[in-house]
Amino acid sequence: GAVVSQHPSWVICKSGTSVKIECRSLDFQATTMFWYRQFPKQSLMLMATSNEGSKATYEQGVEKDKFLINHASLTLSTLTVTSAHPEDSSFYICSARFPSGGTGELFFGEGSRLTVL
Amino acid sequence: AQKVTQAQTEISVVEKEDVTLDCVYETRDTTYYLFWYKQPPSGELVFLIRRNSFDEQNEISGRYSWNFQKSTSSFNFTITASQVVDSAVYFCALLNQGGKLIFGQGTELSVKP
């Protein structure tokens, strides 16, 4: 099946630094990718929809200047957490839409666990 | 509003027991998809099933079965003869016509030997 890969799988950084997380579709082209955040013991919350070649669409309450999303190619979307703070510590998961009929299949990356000290 | 509700936050069973995880959804879309995912402690999401809104046939896959009832907006998941390896958090999700996947709160299943 289609594979979506995230990197890094875990990262620890100091408060105030920026962290970039990559999401790649390995064997298909994804015009749309999604970024989710999951706090411990909670559900996955959609942060933004990343569209190749255009600006990302952010969900209400998500700071676009803090969570920069770049979907520069059909196989890569990046999420940059700028000036990270401890409250940004979370599990970030991306998904990519496989361009089949209807709404398309969705495939998830393995997730990236961010810890901000 | 579109919403997925998993009323059971935690369930604990003993191995070999059957267990049903409930999922109720709300949507005004006429076309939508419903999913179940398993999230083991490692964190990755494991796809279990996708069902479109026009297909109300129940499905069985090994020890797993799903009951889709459009009349009650429910998509329940049953594990028969549970095993310790089934211990995980299970999420029900709704994919709306806009292409957004909306997750339920998740049900943490603990299967004890």
(request) For B:Gln57, look at atom CD and say whether over 12 heavy atoms of other residues, nucleotides or ligands are found less than 6.0 Å away. (result)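 Atom CD in B:Gln57 is not packed in, count stays at 12 or less.
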(request) Determine the sole option in B:Trp36, B:Phe103, B:Phe77 for which the ring-ring contact (aromatic ring centres under 6.0 Å, His included) test with B:Tyr90 is passed. (result)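 Between B:Tyr90 and the candidates, ring-ring contact (aromatic ring centres under 6.0 Å, His included) is satisfied uniquely by B:Phe77.
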Which bit of [X] is near chain A, if near means a heavy-atom gap under 4.5 Å: side chain, backbone, both or neither?
X	answer
B:Tyr37	side chain
B:Glu108	side chain
B:Ile102	neither
B:Phe47	neither

Determine whether a donor-acceptor pair (N or O, by modelled atom type, separation under 3.5 Å) exists between the side chain of [X] and the backbone of [Y].
X	Y	value
B:Gln105	B:Gln6	yes
B:Ser74	B:Val24	no
B:Thr107	B:Gln8	yes

Minimum heavy-atom separation for [X] to [Y], with atom names?
X	Y	value
B:Val111	B:Ser82	CG1-OG, 3.7 Å
B:Cys23	B:Asn76	N-OD1, 2.9 Å
A:Trp35	A:Ile21	CH2-O, 3.7 Å
A:Gln6	A:Cys94	OE1-N, 2.9 Å

(message) Using only non-hydrogen atoms and a strict under-4.5 angstrom cutoff, which residues of residues 108-117 of chain A touch chain B?
(response)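 Under the 4.5 Å heavy-atom cut-off, A:Phe108, A:Glu110, A:Arg113 qualify.
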(request) For chain B, find its close neighbours in residues 48-85 of chain A: heavy-atom separation under 4.5 Å, sorted by number, or none. (result)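 Under the 4.5 Å heavy-atom cut-off, A:Glu59 qualify.
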(request) For side chain to side chain contact (heavy atoms under 4.5 Å, CB included), just list the numbers for A:Leu44 and B:Leu45, CA-CA rounded to whole Å, side-chain angles, deciding distance to a tenth of an Å, and then say yes or no. (result) CA-CA 10 Å; A:Leu44 287 84; B:Leu45 284 176; 3.6 Å; yes
(request) Please look at A:Leu46 and chain B and tell me whether the side chain, the backbone, both or neither of the residue comes under 4.5 angstrom of a heavy atom of that chain. (result)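 Only the side chain of A:Leu46 comes within 4.5 Å of chain B.
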(request) Not counting sequence neighbours, list each pair that qualifies as a salt bridge (charged side-chain N to carboxylate O under 4.0 Å, His left out) and has a residue in residues 20-49 of chain B. (result)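 For residues 20-49 of chain B, and leaving out neighbouring residues, there are no salt bridge (charged side-chain N to carboxylate O under 4.0 Å, His left out) pairs at all.
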(request) Enumerate the residue pairs fulfilling salt bridge (charged side-chain N to carboxylate O under 4.0 Å, His left out) with a member in residues 76-87 of chain B, sequence neighbours excluded, ordered by first and then second residue. (result)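 Sorted result for residues 76-87 of chain B: B:Arg63-B:Asp86.
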